[in-house]
Enquirer: 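Below: one structure in structure tokens.
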There are 2 protein chains.
Amino acid sequence: MDIFPAMETVAQIFRSLEDETRLRIMALLLEQEELCVCDVMAVLQMPQSTVSRQLSLLKKAGWLKDRRVGVWIHYSVSRTLSPMHQYLLPVLRNFLAVTDAARLDRERLAERRKSCCP
Amino acid sequence: MDIFPAMETVAQIFRSLEDETRLRIMALLLEQEELCVCDVMAVLQMPQSTVSRQLSLLKKAGWLKDRRVGVWIHYSVSRTLSPMHQYLLPVLRNFLAVTDAARLDRERLAERRKSCCP
DNA sequence: TGACTATATCCAAAATTATGGATATATTCC
DNA sequence: GGAATATATCCATAATTTTGGATATAGTCA
């Protein structure tokens with residue numbers, strides 16, 4: 001695998017960010033070190049298959065990694081991002097967190113943290 | 001229109017870069033100040049309707065502007081890019097030009113310049 | 001005015017992607 | 001081992017996007 005991705009690879013990385021659900025997940029994981037699938041389900045208020053699929057797409061796209069913790073799978077932003085992913089990260093940091101959607105999701109996550117799971 | 005785009009707007013900007021044809025056009029216009037539709041057709045070797053549509057999508061997405069010069073429409077990178085577009089520009093500059101597809105397109109453009117239009 | 005060229009838009013078909021319920025897999029706890 | 005829970009994957013359907021030929025529009029030149 002080359003340092004410089006092919007044009008098609010560049011397109012795929014952008015494509016991984018075209019979906020609002022995936023962007024909401026990225027916004028969450030840029031603030032919260034780790035989240036399990038059920039956390040994300042609760043915050044996004046979407047069915048399990050949808051959330052699980054989008055998480056695995058983001059992993060496949062090189063953004064996330066996962067690790068099993070007992071019965072849960074914890075997702076977090078990969079620590080071995082490609083150069084292009086690293087270039088894009090500040091864009092996400094600057095423009096996702098300030099959206100209304102991200103703010104509402106943060107509130108729902110805080111609410112959930114109060115009532116469950118230490 | 002706010003300085004900070006909504007999540008859906010962020011998604012749309014990424015979506016505008018998900019297509020390989022559009023990325024090839026952006027790569028060309030980051031090196032070449034202005035191109036008319038027929039230049040792009042010749043370089044990409046794609047039908048007129050396809051090229052014209054993608055150019056107008058890139059314009060609609062905030063990347064390009066156009067101006068009429070006689071019977072031609074010249075497209076170029078907008079000089080009033082939004083903050084998010086400006087953040088993304090270096091990503092395009094760094095990762096598009098080095099692809100094989102972009103190199104071949106540059107060669108075809110140079111070839112065309114030799115044989116036609118001063 | 002009329003022929004010609006460049007470009008935009010329309011349209012129906014093809015291709016791609018997203019959706020969520022159903023099912024399969026894996027882990028824990030009793 | 002069996003029940004219960006979390007997650008991944010399958011599948012058929014729905015929604016979205018792309019495609020390119022056909023047509024419309026607009027400018028040029030004689």
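Naming convention: chains lettered A, B, ... in sequence-line order (proteins, then strands); numbering from 1 in each chain.
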Enquirer: Taking atom P of dT16(C) as reference, at what distance in whole Å does atom CD of Glu8(A) sit?
Expert: 11 Å
Enquirer: Measuring from the side chain of Arg68(B) (C-beta onward, heavy atoms only), which nucleotide among dT9(D), dA26(D), dT27(C) has the closest atom?
Expert: dA26(D)
Enquirer: Starting at CG of Leu55(A) and ending at C1' of dA8(D), how long is that distance when rounded to a whole Å?
Expert: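 It works out to 11 Å between those atoms.
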Enquirer: Determine whether Asp66(A) and Tyr75(A) make a side-chain contact, defined as any pair of heavy atoms from C-beta on separated by less than 4.5 Å.
Expert: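 Result yes, sub-4.5 Å side-chain heavy-atom pair found.
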Enquirer: Among the nucleotides dT28(D), dA18(C), dG20(D), which one has an atom lying closest to any side-chain atom of Gln54(A)?
Expert: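 Comparing dT28(D), dA18(C), dG20(D) against the side chain of Gln54(A), the answer is dA18(C).
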Enquirer: Heavy atoms from C-beta onward define the side chain here; which of dT19(C), dA8(C), dG21(D) lies closest to that of Ser49(B)?
Expert: dG21(D)
Enquirer: Answer with base, sugar-phosphate or nothing: what part of the nucleic acid does Arg53(B) contact at a heavy-atom distance below 4.0 Å?
Expert: base
Enquirer: Among dT28(D), dA8(C), dT17(D), which is the nearest nucleotide to the side chain of Arg15(B)?
Expert: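 For the Arg15(B) side chain, the nearest candidate turns out to be dT17(D).
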Enquirer: Whole angstrom is fine here: how far is it from NE2 in His74(A) over to P in dT27(C)?
Expert: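 Distance, rounded to whole Å: 14 Å.
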Enquirer: Check whether any side-chain heavy atom of Leu104(A) sits under 4.5 Å from a side-chain heavy atom of Arg106(A), and report yes or no.
Expert: no
Enquirer: Return the value, rounded to whole Å, for the distance between atom CG of Leu58(A) and atom P of dA8(D).
Expert: 12 Å
Enquirer: Between atom CZ in Arg22(B) and atom C1' in dT19(D), what is the gap in whole Å?
Expert: 12 Å
Enquirer: Can you tell which of dA8(C), dG21(D), dA8(D) lies closest to the side chain of Tyr75(B)?
Expert: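 The nucleotide sitting nearest to the side chain is dA8(C).
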Enquirer: Are Glu20(A) and Arg24(A) within salt-bridge range, i.e. N to O under 4.0 Å?
Expert: no
Enquirer: With the side chain of Thr50(B) defined as its heavy atoms from C-beta on, choose the nearest nucleotide among dT19(D), dA22(D), dT7(C).
Expert: dT19(D)
Enquirer: Closer than 4.0 angstrom, basic N to acidic O: yes or no for Asp19(B) and Arg15(A)?
Expert: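 No, Asp19(B) and Arg15(A) are not salt-bridged.
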Enquirer: Could you state the atom-to-atom distance from CD of Gln48(A) to C1' of dA18(C) in whole Å?
Expert: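 To the nearest whole Å, that distance equals 16 Å.
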Enquirer: With a non-hydrogen cut-off below 4.0 angstrom, is Val37(A) in contact with a base, only sugar-phosphate, or nothing?
Expert: sugar-phosphate
Enquirer: What is the distance from NZ of Lys60(A) to P of dT9(D), rounded to the nearest Å?
Expert: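 Result: 9 Å.
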Enquirer: Assuming nearest nucleotide by heavy-atom distance, tell me which of Met46(A) and Val69(A) is located more 5' along DNA chain C.
Expert: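 Closest to the 5' end, via its nearest nucleotide, is Met46(A).
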Enquirer: Report the distance from atom CG of Asp19(A) to atom P of dT17(D), rounded to the nearest whole Å.
Expert: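 Answer to the nearest Å: 11 Å.
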Enquirer: Quick check for you: among dA8(D), dT28(D), dG21(C), whose closest atom lies nearest to any side-chain atom of Val71(B)?
Expert: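 Taking heavy atoms from C-beta onward, the closest nucleotide is dT28(D).
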Enquirer: In terms of side-chain heavy atoms, does Trp63(A) have a donor or acceptor partner in Ser16(A) at a distance below 3.5 Å?
Expert: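 A donor-acceptor contact under 3.5 Å links the two side chains.
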